[in-house]
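Reading through the structure tokens given below for one structure.
Letters A, B, ... are given to chains in the order of the sequence lines, protein chains preceding strands, and every chain is numbered from 1. This one's a predicted model, so the numbers in the text were calculated from it and none came from an experiment. Computed from heavy atoms alone, side chains included, the values below leave out hydrogens, waters and symmetry copies.
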Amino acid sequence: MHIPDGFLNLTTTVATTGITLGALVPAVRKVNRSLSPKRVPLMGLSAAFVFTAQLLSFPVPGGTSVHLVGAVLISILLGPYTGLIITTTALIMQALLFQHGGLFSLGANILNMGVTGCLLGYGLFRILPGNLSFRAAVPALIMTVLSGVFCALELGFSGTTPFKTGLPAMTIAATITGVVEAIATVSILSLLGKVRPDLLKLEKV
Amino acid sequence: MKAVEVSRLNYTYPSGRVVLSDISFSLEENRTLGLIGPNGAGKTTLLLSLCGLMEFTGTVSVFGEPMTLKNARQVRARIGFVFQNPDDQLFMPTVREDIAFGLKELGCTAEEVTTRVRQSLSAVGLEGFEDRSAHHCSFGEKRKITLAAALARRSDLLIFDEPTRELDPGGRREFMGMMREIKATKIIATHDLDLVLELCTDVLVINGGQIIARGGPKDLLSNRDLMISNRLEVPYRLRDT
Amino acid sequence: MKAVEVSRLNYTYPSGRVVLSDISFSLEENRTLGLIGPNGAGKTTLLLSLCGLMEFTGTVSVFGEPMTLKNARQVRARIGFVFQNPDDQLFMPTVREDIAFGLKELGCTAEEVTTRVRQSLSAVGLEGFEDRSAHHCSFGEKRKITLAAALARRSDLLIFDEPTRELDPGGRREFMGMMREIKATKIIATHDLDLVLELCTDVLVINGGQIIARGGPKDLLSNRDLMISNRLEVPYRLRDT
Amino acid sequence: MRHAFIDKYAYRDSPVHRLNPALKVAFTLGFILTLLILSGQFHDQAWLPWLYWGCFGFLLIIIFLSGLPPLALTRKVAVILPFILAIILLNLLAGSAPAQAGHLIARSLLSILALVILVSTTRFHEILQVLALWRVPRVIRLTLSFMYRYFFLLIDEAEKMARAFRVRYQGNSNWEKLKLMSVITGILFIRSYERAERVYHAMVMRGYTGE
């Protein structure tokens, strides 16, 4: 979920923004250092892709629908630091064009969806054994659940929601989303493997 | 019975721009209607509305069945749609899956699906393409696969949106031959006025979301003023030089 | 001086598929060359190779300058390219930035950039479009903006890939008029054989990556066997009926 | 084209639209930050509600000056209502009456209204210029710029594929639909990649070297 402005208190805002900047600054450096000319339009189009994917409704078997985050997917395709920058820009665009999330809550939202999915998620992807599907599904599920937990903690510390109900409610909601995220991530990667296997071997930064 | 009956159809974009206003027409069974007009006239929106894919106001009936939110699915079961860009409708990993897509829901058994896939591929001259991936086919092949997919549904109404657009002249000629062979009611939106002249029995000129003229292809396409004022032109073979 | 000179040009996909094989031709300054042939013949690859965008073998010279890895940039500075899909080349947030992109590198001052943007927009009839965003423009407008962008570079060689593809007949006619006005050497890859007849001074038929025929438009396009065997057709106005 | 309405208000003209974009962005940031600090520090002060009403009145004046349609703005602000409802519900469930619910609602509604006014009176490329002025890294600005230019097209592409699938799929299985949405998303990535290659060619033709 995208936290809007006004839901977090000053302390939480400062703390989450600090952590996010701490991850974002080295990511920008790493990407800049290996930025080939060809990579610039690719990053832009991939960001447009992630943003569009976040706007599509994915049905939940049994009813209702959810939206993807795509952070784990794009990190597996293009690398964790590129993934983090793409997720960051997608979240900025969400806030500006659709008011999903706010300006001062960007730090928290990037932390919840980007830093978890791209950095932690990609790290998990790298160390997991097994085939591509398994290694993609597990981080996609866990990181989405984690983003719900982070969100509940941030709102809890801000005094906006009580831990007692907020934490379980958001964890359950995030688990449902996470299952869909995992299924979608695996299906997308397997489609790419069948149709354009070369796209699974792009340079990862 | 009328194949298509449209009455007072209106559609407005979420932005407030009026795309179709007060469209009424009908089409007899087994006729071929050419839909012509400039870019942005509303042709594609009209085609999509006929399938209940746009939230229009007014009434649309297909083979006597009024299109409502509730029965849109049943009505669509009788329609085959060949979209402008083959890539928009061929997204499965193999050609077989692309053509078989949705057939089970039409009530086909697994066996019948296989038969229909084979038959429709052979009807478009692509025998043995089942296991290929459409992503790796040439443009002309993709175009034919979309036709095969529509044929496999044995639809009574076939809708084509710019079917000959990116084809080379030879491929276009071939595809027009295949379209001519199909026994069904057809609606074709196109800028290809020669195609209209060769395949259509009826023509509708639309511009700015309104019907400007309706008539036989020769009458309308040879009307220089009508063509020019709607950003069209008289095909060479109708010009007296 | 020759505007373009190509000798023994070969290009093979990384997959091993041969796309262009042993292409040699030359084009005098201020001529207009039509490049025709079936889908997949290698037209687009040939155009990209002329600009050094493909890793070909053989030699390509543009205005006497051989295209090498080292001087590709200088050579490209004299070429304007109008791509098949306008959205691919209008990548900046506003029309002004799109047209101005790369002009500074050609040695234009900020003032001259502004003047060129204004002039080239007015040359295509789109005065005052500077601050629009391409996603607010119609297809026909985008097509004209890509032409304005090429004009602003004052290129000596203009390359068009399927320039009239998605235009309606009126927009096509208008765009052809604009293309005719431009004083430069032009190369046009297209399926639109009427356009070739009207605009081109020379024609190259390619198929399967090879040059099949070269000559004047009337001679080649009226040659029925040549046309049919290359998936093309004789335009109506050249047929004796 | 169909989705171009998303940012259409920014392309209107008014005194507010003509204001320096850097000023507008800075003001919006300052406005939201001030609310955040004041409503946290002084939530037990009696004058705070008056401050909220004052801010609201001020924003109303800006809306009036900018000529933006109030209904459309309300619709955009309403995006936040489900979140507020969820928060209240979670508090009620926990048995803790939302002590500061009033502050939360006022603060978040005013913040989102300020943001909506900013993006409805400032064009995206102006915001990018502000980001450049404030030395936001180039790679982020470039990515934003391409994203803004191309996501309208990508939504259209996704919508076209979704339509083609609805025409042919008469079934009702959410599982099938989920699989198909995934396939559509995968194809969307392939297309984005292929477009990136073509865009790169177009950039190179105009002298782009990566500098």
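Around atom CZ of D:R135, no more than 12 heavy atoms belonging to other residues, nucleotides or ligands sit under 6.0 Å away. Heavy atoms from other residues, nucleotides or ligands lying under 6.0 Å from CD of B:E127 number more than 12. By the neighbour-count criterion of 12 heavy atoms within 6.0 Å, atom CH2 of D:W134 is densely surrounded, having more than that number from other residues, nucleotides or ligands. In this structure, D:Y11 places its OH atom where more than 12 heavy-atom neighbours from other residues, nucleotides or ligands lie under 6.0 Å away. No more than 12 heavy-atom neighbours from other residues, nucleotides or ligands sit within 6.0 angstrom of CZ on B:R8.
The closest donor-acceptor contact from the side chain of D:R191 to the backbone of B:D87 lies under 3.5 Å.
B:D161 does not touch chain D: none of its heavy atoms, backbone or side chain, sits under 4.5 Å away. D:V183 touches chain B through its side chain: at least one heavy atom from C-beta onward sits under 4.5 Å away, while N, CA, C and O do not.
The OG atom of B:S155 lies 10.5 Å from the CZ atom of D:R168; values are rounded to the nearest 0.5 Å. Atom OH of D:Y169 is separated from atom CZ of B:R76 by 13.0 Å, given to the nearest 0.5 angstrom. Remark: B:F83 CZ to D:M161 CE distance equals 12.0 Å, nearest 0.5 Å. Interatomic distance, CG of B:L53 versus CD of D:E159, reported as 10.0 Å (0.5 Å rounding).
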Begin with the C-alpha distance, continue with both residues' side-chain angles, and end with the deciding distance and a verdict on side-chain contact (heavy atoms from CB on, under 4.5 Å) for D:R163 and B:L48.
-> CA-CA 9 Å; D:R163 265 195 215 122; B:L48 294 172; 3.3 Å; yes
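Residue-level contacts of residues 103-112 of chain B with chain D, in order of numbering, are B:E105, B:L106; threshold 4.5 Å between heavy atoms. For residues 134-154 of chain B, heavy-atom neighbours of chain D at less than 4.5 Å comprise B:H135, B:A149, B:R153, sorted by residue number.
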